[in-house]
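Chain naming here is simple, since letters A, B, ... match the order of the sequence lines and numbering starts at 1 in each.
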2 protein chains.
Amino acid sequence: MNMHNSDLKNFFTYSFSLDCVIFGYQNGKIHVLLIKRSIEPYENYWAIPGDLVYPDEDLPNAAERILFDLTRLKNIELHQAQTFGNPTRHPQGRVITNAYFALIRIDEFKAEASSWAEEVQWVPINEVPNLAFDHNLIVNSTYELLKQKLTFEPICFDLLPVRFTLNEFQQLYEFAFEQEMDKANFRKKIKYIPLVAHDEKQQNVKHRPAKLFSFDETLYQDQLKKGVYQFRM
Amino acid sequence: MNMHNSDLKNFFTYSFSLDCVIFGYQNGKIHVLLIKRSIEPYENYWAIPGDLVYPDEDLPNAAERILFDLTRLKNIELHQAQTFGNPTRHPQGRVITNAYFALIRIDEFKAEASSWAEEVQWVPINEVPNLAFDHNLIVNSTYELLKQKLTFEPICFDLLPVRFTLNEFQQLYEFAFEQEMDKANFRKKIKYIPLVAHDEKQQNVKHRPAKLFSFDETLYQDQLKKGVYQFRM
DNA sequence: CTAAATATTGTCATTTGTACAATAACTATT
DNA sequence: AATAGTTATTGTACAAATGACAATATTTAG
């Protein structure tokens, strides 16, 4: 497979690609996974992992394959985001691209550069450099979508460690919505979210350690089915 | 332009199309605009208006053009929805399609069959027949998206007449969410939505006529900017 | 003028939201 | 072991929103 260089122009009249915006959470900040391109166009630029879709490939499969090829990440739940089709977005021809995104725990998965990705790097969402193609647009649009989804789907738990403190939970929302919240009131607000309290506590802090919680996905699905509760922040 | 028949296979290795889901509101029901195909494949099937995107055409422009070509509708604000890329969704080759949707006042715009659309028809969302291609999937997914958006964006006013009664407003939500609401409580809930009360009243009803209201878009945008208020139903 | 019908407003108990204060539990230091 | 420092967790009091229901108002039809 080498449809990445100058012969792309002759390969398709126009073509279809897929770009992955992978979000992670670390040190109180939402991060995005970037790769460094070792090929033209935009050689040596940072970009989000993406590539052309094969002619007989379904989009979810393409997303999985492309992400794995470039970053060795697998078993990640990818979700469709927007499609970008500006005719001039690719310097070598018409390439329409569909963004997919995922939320992962950075330390549970190890991203490694592979194929034409020379390096991989997690970058805080508000420190993303100038990227290849229209990837800044794609990252920003998808981050807006993420923030929207954070308010009415319990996806924050894909970013947090499996066991987290209520403060960590709160700080994630404070970061995303760029506003501080009252600790006591935050705890009342999340009263109905099905969390399990564990006996375990935070380690290596030089003050009273916080209790650890985890999200009960099964109970959440039950509540959804019964219609007794709808997630909303 | 005739890339719709058997020569499609040779025209593009794979191609990209755009399908429009146009919603309207009438007689207390949300409707979808359908066209009847006069060409193969799926000749004589009902479908949503859609066609191939030109190689040098931006997606928003393509959406406008395609909708106008088939239904004569214009000056309609179209919004991007999902992209559908199942390799077998089109019987003649790989065609990835991007759905766009719009919300309009049915009687303010007159849809007319044009080009290879033989007929146009507004159909209640819960009475949509078996459609061409995967168009049932597209319509249903986009309707789900619409319902989501109804809860956090003031797009309901694109469906309602410019001047509407509070009951009409309420009934739209009752239809979309399939649940009845208390009249008095509904009025309290919408207290902060910037509506203008007019002196005008409902006509031709055989009981006390209701007062007419309209949505103040300008005031809403101001409130948004100031961050004092966020639409939420 | 009256009945029928729906629009509109009001009441009240309950729940939720908000700001802030108080208490609890742990670490580090003396 | 006692104490200070630090953060976790719970509580309190008042304002605002919600929900079920009742009461009143305005129009048409006769």
Side-chain angles (χ1 to χ4, degrees), chain A residues 27-28 150-152 154 156 160-161 163-175 177-215 223 226-233, chain B residues 27-28 150-152 154 156 160-161 163-175 177-215 223 226-233:
Chain A
N27 304 326
L150 279 173
T151 66
F152 57 88
C156 50
L160 291 170
R163 296 190 175 196
F164 51 85
T165 69
L166 296 184
N167 269 345
E168 289 171 334
F169 182 12
Q170 180 177 344
Q171 281 157 19
L172 172 52
Y173 275 89
E174 289 183 335
F175 179 85
F177 300 147
E178 295 174 30
Q179 70 166 33
E180 309 228 322
M181 305 179 196
D182 180 277
K183 277 188 184 185
N185 297 338
F186 184 82
R187 279 151 201 255
K188 286 178 201 159
K189 189 170 195 161
I190 63 172
K191 187 165 53 162
Y192 296 114
I193 300 179
L195 298 182
V196 185
H198 299 278
D199 284 335
E200 205 181 336
K201 302 197 166 173
Q202 216 177 8
Q203 298 294 326
N204 302 323
V205 285
K206 48 179 183 293
H207 55 260
R208 174 180 177 182
K211 200 184 275 187
L212 293 180
F213 292 82
S214 60
F215 177 63
Q223 292 182 347
K226 286 183 205 143
V228 287
Y229 161 72
Q230 208 208 328
F231 185 92
R232 189 169 257 205
M233 293 290 286
Chain B
N27 304 326
L150 279 173
T151 67
F152 56 88
C156 51
L160 291 170
R163 297 192 172 193
F164 51 85
T165 69
L166 297 183
N167 269 343
E168 288 171 334
F169 183 11
Q170 180 177 344
Q171 282 159 16
L172 172 52
Y173 276 89
E174 289 183 335
F175 179 85
F177 300 148
E178 296 175 30
Q179 70 166 29
E180 309 227 323
M181 304 177 195
D182 179 276
K183 277 188 185 187
N185 296 338
F186 183 82
R187 279 152 201 254
K188 288 180 203 159
K189 191 171 196 160
I190 63 172
K191 187 166 52 161
Y192 295 114
I193 300 178
L195 298 182
V196 184
H198 299 277
D199 283 334
E200 207 181 335
K201 301 194 167 176
Q202 218 176 5
Q203 298 294 327
N204 301 324
V205 285
K206 48 178 182 292
H207 56 262
R208 175 179 175 182
K211 200 185 278 189
L212 293 181
F213 292 81
S214 60
F215 177 63
Q223 291 183 346
K226 285 184 206 144
V228 288
Y229 159 71
Q230 207 207 330
F231 186 91
R232 188 169 257 204
M233 292 289 287

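- Scanning DNA chain D 5' to 3' for nucleotides with an atom closer than 4.0 angstrom to a non-hydrogen atom of chain A gives a first and last hit of D:dT6 to D:dT12.
- Annotation: side-chain hydrogen bond (donor to acceptor under 3.5 Å, both in side chains) contacts of B:T165 (sequence neighbours excluded): none.
- In this structure the side chain of B:F152 never reaches within 4.5 angstrom of the side chain of B:R232, judged on heavy atoms.
- Pairs passing the side-chain hydrogen bond (donor to acceptor under 3.5 Å, both in side chains) check and including a residue from residues 202-212 of chain B, sequence neighbours excluded, do not occur.
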TODO: Any chance you could list the contact pattern along nucleotides 6-17 of chain C? Use B for base contacts, S for sugar-phosphate-only contacts and - for none, protein heavy atoms under 4.0 Å, 5' to 3'.
DONE: BBBBBB----S-
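- Screening residues 180-193 of chain B for side-chain hydrogen bond (donor to acceptor under 3.5 Å, both in side chains) gives no qualifying pairs among residues at least two apart or on separate chains.
- No side-chain heavy atom of A:L172 sits under 4.5 Å from any side-chain heavy atom of A:E168.
- Under the salt bridge (Lys or Arg N to Asp or Glu O under 4.0 Å) criterion, B:R163 pairs with B:E200, not counting sequence neighbours.
- Between B:F169 and B:F213, a ring centre-to-centre spacing not shorter than 6.0 Å is recorded.
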